[in-house]
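The structure appears below as structure tokens.
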Amino acid sequence: MADWAPIAKEYDPLKAGSIDGTDEEPHDRAIWRAMLARYVPNKGVTGDPHLTLFVARLNLQTTEEKLKEVFSRYGDIRKIRLVRDLVTGFSKGYAFIEYKEERALLKAHRDANRLVIDQHEIFVDFELERTLKGWIPRRLGGGFGGKKESGQLRFGGRDRPFRKPINLPNMKNDFYGEGSSEKRNWSREGTRDWRTRDRDHERSRDKRWPERERSWAWGDSERERDSKEERSRGRERKDRDRKDRDRDRSRDRDTKKQRDDDKHR
């Protein structure tokens with residue numbers, strides 16, 4: 001627990017399936033599948049993984065030209081690879097963008113996430129397949145993120161960081177900028193130092209962590225309260241509408257009766 005961090009520094013399917021990274025037993029079959037998987041990164045993929053961004057949730061109509069137009073504003077691009085279906089040739093909705101300089105990579109990572117392209121809000125992160133030790137892709141039960149409806153959420157990534165465990169003691173953590181002020185250290189020969197990367201690359205997000213934690217801690221109760229209030233307001237509106245209809249019908253009956261009385265006089 002002493003080395004707990006919101007972003008995983010090494011991929012563990014069991015931890016990724018846990019909201020706070022502390023589960024000891026897998027809770028769905030996909031996690032079992034990921035734990036048993038032996039995944040080897042695609043050796044046919046070229047380029048520098050430490051200068052490559054992963055871009056997902058793209059509109060299926062978005063093209064390489066559109067991606068180049070948007071992402072070139074952050075710096076010079078070396079290569080764009082929009083992943084397509086081998087049979088149909090249609091886009092699968094995600095791409096990899098390799099920059100020439102680290103500065104451009106970091107700027108795009110910071111500013112392009114949640115950008116809207118062709119009416120779709122995109123997701124941007126560093127490439128993980130070749131840089132995060134132990135990585136297992138989504139198709140084998142791993143990955144990060146996911147939809148709540150699927151029941152197979154994965155935590156520890158940029159999209160869904162680990163929530164802070166309840167019994168976690170107070171400690172200083174590099175992710176929050178409280179640790180040592182060592183300079184970012186990474187080597188092209190080995191795996192990136194993810195603790196340092198998270199501290200140096202995500203400073204703008206660090207400022208929002210306290211608010212996010214409060215939101216995570218109370219989000220469910222707030223949603224329940226909002227839902228109850230909404231239902232209560234809905235009932236009140238229905239009651240008012242029913243009373244208005246009853247009053248209108250009563251007024252119409254009185255008016256009709258008055259007319260009938262006038263006719264017989």
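Heads up: numbering here begins at 1 and tracks the sequence.
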Going hydrophobic residue to hydrophobic residue with side-chain gaps under 4.5 angstrom, can you get from [X] over to [Y]?
X      : Y      : value
Phe123 : Ile117 : no
Ile77  : Leu105 : yes
Leu58  : Tyr99  : yes
Met35  : Tyr39  : no

Open item on the list: Contact between His120 and Thr62 at the side-chain level, heavy atoms closer than 4.5 Å - yes or no?
Closed with: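 Side chain of His120 against side chain of Thr62, heavy atoms only: no contact under 4.5 Å found.
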From [X] atom [atom1] to [Y] atom [atom2], the distance as rounded to the nearest 0.5 Å:
X      : Y     : atom1 : atom2 : value
Leu82  : Ile97 : CG    : CD1   : 9.5 Å
Thr63  : Glu69 : OG1   : CD    : 8.5 Å
Phe155 : Asp23 : CZ    : CG    : 9.5 Å
Asp76  : Glu98 : CG    : CD    : 12.5 Å
His109 : Tyr74 : NE2   : OH    : 12.5 Å
Leu53  : Phe71 : CG    : CZ    : 7.0 Å

- [ ] Would you tell me whether Lys79 and Thr46 have side-chain atoms, one donor and one acceptor, within less than 3.5 Å of each other?
- [x] yes
Heavy-atom pair of closest approach, residues [X] and [Y]:
X      : Y      : value
Glu121 : Arg57  : O-CB, 3.7 Å
Glu64  : Ile80  : O-CD1, 4.0 Å
Ala108 : Val124 : O-CG1, 4.2 Å
Ile31  : Pro26  : CG2-CB, 3.5 Å
Ile136 : Pro13  : CG1-CG, 4.3 Å
Val55  : Ile122 : CG1-CD1, 4.0 Å

Open item on the list: Looking at Gln61, I'd like to know if its CD atom is crowded, meaning that more than 12 non-hydrogen atoms belonging to other residues, nucleotides or ligands lie closer than 6.0 Å.
Closed with: no
Task: Aromatic centroids of Phe54 and Phe96 separated by under 6.0 Å - done: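 When the ring centroids of Phe96 and Phe54 are compared, they turn out to be within the sub-6.0 Å range.
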Open item on the list: Looking only at the aromatic ring of each residue, does the gap between the centers of Tyr11 and Phe144 stay below 6.0 angstrom?
Closed with: yes
TODO: Any chance you could lay out the side chain to side chain contact (heavy atoms under 4.5 Å, CB included) test for Asn42 and Val45, step after step, and finish with the verdict?
DONE: CA-CA 6 Å; Asn42 186 354; Val45 176; 3.7 Å; yes
Donor-acceptor pair, distance only, cut-off 3.5 Å: does the side chain of [X] make one with the backbone of [Y]?
X      : Y      : result
His27  : Gly17  : yes
Thr52  : Asp48  : yes
Gln152 : Gly146 : no

Is [X] salt-bridged to [Y], cutoff N-O under 4.0 Å?
X      : Y      : value
Asp248 : Arg245 : no
Arg154 : Asp28  : yes
Glu102 : Lys107 : no

TODO: With sequence neighbours left out, write down each residue that passes salt bridge (charged side-chain N to carboxylate O under 4.0 Å, His left out) with Arg73, or none if nothing qualifies.
DONE: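 Applying salt bridge (charged side-chain N to carboxylate O under 4.0 Å, His left out) to Arg73 gives none.
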